Number of protein chains: 2
Amino acid sequence: MQRSMGILGTRWKPIIIYTLRDRKARFGQLDALIENISRKVLTSSLKELEEDGIILREVFKELPPRVEYTLTEKGKALIPIMCQLAKWNEEYYAEEIAL
Amino acid sequence: MQRSMGILGTRWKPIIIYTLRDRKARFGQLDALIENISRKVLTSSLKELEEDGIILREVFKELPPRVEYTLTEKGKALIPIMCQLAKWNEEYYAEEIAL
DNA sequence: TAAAGTAGTTACCTTTGCGTAACTATCAAT
DNA sequence: ATTGATAGTTACGCAAAGGTAACTACTTTA
């Protein structure tokens with residue numbers, strides 16, 4: 001568990017993984033899809049997630065350049081977990097505003 | 001998802017929740033069960049988790065004083081998620097050391 | 001030659017997370 | 001009066017996480 005949290009225990013990384021659950025995405029797309037994230041944090045988070053074998057970074061030598069990010073198998077294995085987390089939040093947030 | 005991560009997106013909070021998955025525990029027990037955590041972080045994490053409605057803090061007016069921490073319903077709903085996370089880690093860590 | 005698009009990087013700064021060590025409070029038992 | 005047990009708190013500081021704004025590099029198109 002401590003190892004998991006060493007990899008995922010930040011505010012943004014799980015959100016990045018969740019965003020990639022059903023699509024590949026380019027840097028600019030991630031920047032647009034994830035509200036409030038800064039390009040700097042996005043850059044460093046993507047780099048670390050790649051180092052940890054969770055996402056794959058593919059560079060296409062085109063013009064203008066294109067870089068696509070996708071989940072690896074290890075990363076895809078996290079999708080159900082992230083979805084449950086999103087569901088958990090919806091459930092209990094709905095409960096709170098109902099009070 | 002951003003709200004979830006605002007609550008859980010740290011290195012230690014998920015570990016605390018995971019530790020409480022099958023037992024109530026006292027402050028000193030948590031301190032002993034969770035390796036490497038400092039009392040200070042434990043204190044502040046417990047306080048924040050209580051504010052977010054994930055754990056319950058019960059004070060027993062005994063001598064010496066006793067304080068027990070348990071998961072609320074909202075917190076218990078996270079147990080399967082935490083267990084999956086632990087499982088995810090074991091799976092892929094086993095894979096890595098096999099290489 | 002200048003704009004426009006993609007994918008970042010860099011510098012600088014603030015906030016948060018986390019650690020260590022020492023200290024507090026309460027009461028009982030010795 | 002000192003020790004022991006529980007459950008913290010406080011002071012101090014470092015490092016990591018995160019934010020903003022400006023800048024780079026490359027090449028096509030106008």
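Quick note: numbers below take in every heavy atom, side chains included, and nothing from hydrogens, waters or symmetry partners. This structure is a prediction, so every number in the text was calculated from the model and none was measured. Here is how names work: the chains are called A, B, and so on, in the same order as the sequence lines, proteins then strands, and each is numbered from 1.
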Can you check the [X] [atom1] to [N] [atom2] distance for me, whole Å?
X      : N       : atom1 : atom2 : answer
L46(A) : dA17(D) : CG    : C1'   : 15 Å
E50(A) : dA7(C)  : CD    : P     : 15 Å
R57(B) : dT6(D)  : CZ    : P     : 16 Å
K47(B) : dT16(C) : NZ    : C1'   : 16 Å
L8(A)  : dA16(D) : CG    : P     : 18 Å
E58(A) : dA7(C)  : CD    : C1'   : 16 Å
E35(A) : dG18(D) : CD    : C1'   : 17 Å
K61(A) : dT27(D) : NZ    : P     : 11 Å

- Under 4.0 Å between any heavy atoms, over every strand shown, what does F60(A) touch: base, sugar-phosphate, or nothing? Just pick one.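 No contact.
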- How would you list all residue pairs meeting side-chain hydrogen bond (donor to acceptor under 3.5 Å, both in side chains) that involve residues 10-20 of chain B, not counting sequence neighbours?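 Only K13(B)-E48(B) qualify under side-chain hydrogen bond (donor to acceptor under 3.5 Å, both in side chains).
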- If you look only at pairs with a residue in residues 35-45 of chain A, which of them pass as a side-chain hydrogen bond (donor to acceptor under 3.5 Å, both in side chains), with sequence neighbours excluded?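 Every side-chain hydrogen bond (donor to acceptor under 3.5 Å, both in side chains) pair that includes a residue of residues 35-45 of chain A, provided the two are not neighbours, is D31(A)-R39(A).
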- Got a sec, which residues hit side chain to side chain donor-acceptor pair (under 3.5 Å) with R57(A), two or more places apart in sequence or on another chain?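 R57(A): side chain to side chain donor-acceptor pair (under 3.5 Å) contacts with Y69(A).
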- Contacts of E68(B) that satisfy side chain to side chain donor-acceptor pair (under 3.5 Å) - sequence neighbours left out: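 With neighbours one apart ignored, the set is R66(B).
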- Quick one: bend of the helix from dT1(C)-dA30(D) to dT30(C)-dA1(D) from 5 pairs per end, to 10°? 30°
- DNA chain D contacts among residues 16-27 of chain B, heavy-atom distance under 4.0 Å: R26(B), F27(B)
- Task: Evaluate side chain to side chain contact (heavy atoms under 4.5 Å, CB included) for I55(B) paired with L20(B), printing each intermediate quantity in order.
- Result: CA-CA 9 Å; I55(B) 64 174; L20(B) 289 172; 4.0 Å; yes
- Task: Encode nucleotides 17-30 of chain C as B, S and - characters from 5' to 3', where the letter depends on protein heavy atoms closer than 4.0 Å: B to the base, S only to sugar-phosphate, - to neither.
- Result: SBBB------SS--
- Can you name the salt bridge (Lys or Arg N to Asp or Glu O under 4.0 Å) partners of K76(B), sequence neighbours left out? E73(B)
- Exam field: side chain T72(B) to backbone I54(B), donor-acceptor pair closer than 3.5 Å: yes
With a cut-off of 3.5 Å and sequence neighbours excluded, list every side-chain donor-acceptor pair involving residues 80-91 of chain A.
from	atom 1	to	atom 2	distance (Å)
W88(A)	NE1	K74(B)	O	2.9
N89(A)	OD1	R3(B)	NH1	3.1

- Report the C-alpha distance between V67(B) and R26(B) in whole Å, list the side-chain angles of each, state the deciding distance to 0.1 Å, and finish with yes or no for side chain to side chain contact (heavy atoms under 4.5 Å, CB included). CA-CA 6 Å; V67(B) 179; R26(B) 306 170 60 168; over 6 Å; no
- Task: Ignoring backbone atoms, establish whether Y69(A) has a side-chain N or O less than 4.0 Å from OP1 or OP2 of dA7(C).
- Result: no
- Is it possible for you to say whether L30(A) and L56(A) belong to one hydrophobic cluster, with membership spreading through side-chain heavy-atom contacts below 4.5 Å? no
- Query: Residues in side-chain contact (heavy atoms from CB on, under 4.5 Å) with R23(A), at least two apart?
  - Reply: Q29(A), L33(A)
